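Have a look at the structure below before the remarks.
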Amino acid sequence: MAHVERFAPSPTGPLHLGHAFSALTAWDKAVKNGGEFLLRIEDIDQSRCRPEWEAQICEDLEWLGIWWPKPVLRQSDRLETYQKTLRDLWALNRLYPCTCTRRDIKDAAQAPQEGMPNFGPDGIIYPRTCFPPSPYMSSEPFPENQTLRLDMGACTRTLGAPKIDSERYFSFVETGAGPNGETGLIEFTANEVDKTIGDIVLARRDMGTSYHLSVVLDDAFQGITHVTRGQDLFEATKIHVILQKLLGLPTPVYHHHTLIRDDTGKRLAKRDDARAISKYRAEGATPEDIQHMIGL
Ligand code: GLU
């Protein structure tokens, strides 16, 4: 069976130890399985991405001994594809425009809703303030340059497989582990998704797409069979599985790995320049030293 892995950094800062762990884990899995390793530059947020960071990331990856076919896929070259998909979903009545500010959402979500968790993998669970009265939408022109939300309930009502009690459910295979040790066949129900994820943003204003939409389309476009990434994205995978079902795309095998943390136990962020690979390189570290530091 083909085995295609990818590493998908956003060039918003230097490659640090956490990224190196992710990239090397995916690379090792690809090599071990006689597969392929692809690089994808996730640069949809043009206000934060810089070509200098991209160049530095590529240089650091090569220094670590990782190789990938060129040219790389850059998400900023795929905006038309994302737009086309959004228009298709609009025509299917799966999207609605949202004009809420962060503040609006916070205020509305603070109204007590018993049993409802506040936060999901896409931030505060949207209280559906902008959800339009039905029947809605597809007859109206596609809203250009607006925030568009996914009507998650409409998706979960129609997608997924019915199980006992006719509750619809979704699944994916996990070969690493989620933050609570979840591994193997991960199953989750429509009800759980509606309650703990809700109507996520599928297109951000001024961006014309979102991380979730782009990552799902691009993993399929690049033929990725195995996604290796940090545990912080484990819950987001549930969103991705639903989007794959909605768009008729295959679901890869997922491998979520533990996160590299700093001395205080906080996970490394882009701004952790102290852990940047380029800094270790400048201090004379070898790729083997980096492997050793991240426990590989
Ligand atoms: N661009 C994302 C990041 O840098 C990658 C997410 C993923 O691997 O799906 O965190």
Side-chain angles (χ1 to χ4, degrees), residues 4-30 36-51 53-54 56-58 60-61 66 68 72-79 82 121-123 172-179 186 197 200-202 204 207 209-244 247 249-261 266-273 275-277:
V4 186
E5 297 265 351
R6 49 71 158 180
F7 178 58
S10 303
T12 56
L15 195 78
H16 60 52
L17 286 180
H19 301 117
F21 183 58
S22 216
L24 284 167
T25 305
W27 168 258
D28 288 348
K29 285 170 70 212
E36 215 185 332
F37 173 97
L38 304 178
L39 181 70
R40 177 169 74 235
I41 299 295
E42 302 214 322
D43 59 351
I44 50 173
D45 188 348
Q46 287 287 315
S47 66
R48 294 172 61 227
C49 295
R50 301 269 176 278
W53 290 129
E54 182 184 323
Q56 178 76 60
I57 288 169
C58 291
D60 287 344
L61 288 172
I66 293 175
W68 59 93
V72 293
L73 189 75
R74 207 169 270 119
Q75 289 191 324
S76 54
D77 290 334
R78 302 251 306 144
L79 298 177
Y82 309 145
D122 200 49
F172 65 93
V173 173
E174 170 68 53
T175 59
I186 309 294
I197 298 177
I200 58 153
V201 169
L202 213 55
R204 285 168 60 181
M207 200 185 273
T209 184
S210 60
Y211 159 64
H212 301 302
L213 179 66
S214 304
V215 84
V216 159
L217 286 171
D218 292 347
D219 280 340
F221 178 70
Q222 291 191 288
I224 305 299
T225 59
H226 292 73
V227 170
T228 300
R229 60 188 180 190
Q231 261 173 3
D232 51 327
L233 288 167
F234 180 79
E235 290 298 324
T237 300
K238 296 176 182 172
I239 298 176
H240 301 169
V241 169
I242 296 203
L243 290 177
Q244 285 149 3
L247 299 169
L249 303 174
T251 294
V253 172
Y254 285 88
H255 182 99
H256 293 91
H257 59 70
T258 48
L259 301 174
I260 303 282
R261 297 183 184 275
K266 233 171 43 359
R267 86 179 166 95
L268 299 185
K270 282 267 165 56
R271 57 191 170 281
D272 280 309
D273 289 6
R275 304 284 190 305
I277 301 301

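First listed ligand is number 1; within each ligand, the first listed atom is number 1. Just so you know, these numbers come straight off a predicted model, no measurement behind them. Counting from 1, the numbers follow the sequence of the chain as shown.
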Phe221 vs Leu73 side-chain heavy atoms within contact, under 4.5 Å: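 Heavy-atom side-chain distance check passes, below 4.5 Å.
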Residue-ligand contact His19/ligand 1, heavy atom below 4.0 Å: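 His19: no contact with ligand 1 (<4.0 Å).
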Consider only side-chain N and O atoms of [X] and [Y], and report whether a donor and an acceptor are under 3.5 Å apart.
X	Y	result
Tyr211	Asp122	no
Thr228	His255	no
Gln222	Arg40	yes

Ala8, Ser214, Pro11: member with heavy atom nearest to atom 5 (C) of ligand 1: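 Among Ala8, Ser214, Pro11, the closest heavy atom to atom 5 (C) of ligand 1 comes from Ala8.
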His240, portion touching ligand 1 at heavy-atom distance under 4.0 Å: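 Neither part.
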Distance under 4.0 Å to a non-hydrogen atom of [X]: what atoms of ligand 1 satisfy this?
X	value
Leu233	6 (C), 7 (C)
Tyr211	6 (C), 7 (C), 9 (O)
Val215	9 (O)
Arg229	7 (C), 8 (O), 9 (O)

Thr225 side-chain N/O to Val4 backbone N/O, donor-acceptor pair under 3.5 Å: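 Side chain of Thr225 to backbone of Val4, a donor-acceptor pair under 3.5 Å: yes, one is there.
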Min N/O separation Thr228 to ligand 1 under 3.5 Å: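 No, there is no polar N/O contact under 3.5 Å.
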Euclidean distance, Trp68 CH2 relative to Glu36 CD, rounded to 0.5 Å: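 Rounded to the nearest 0.5 Å, the CD-CH2 separation comes to 14.0 Å.
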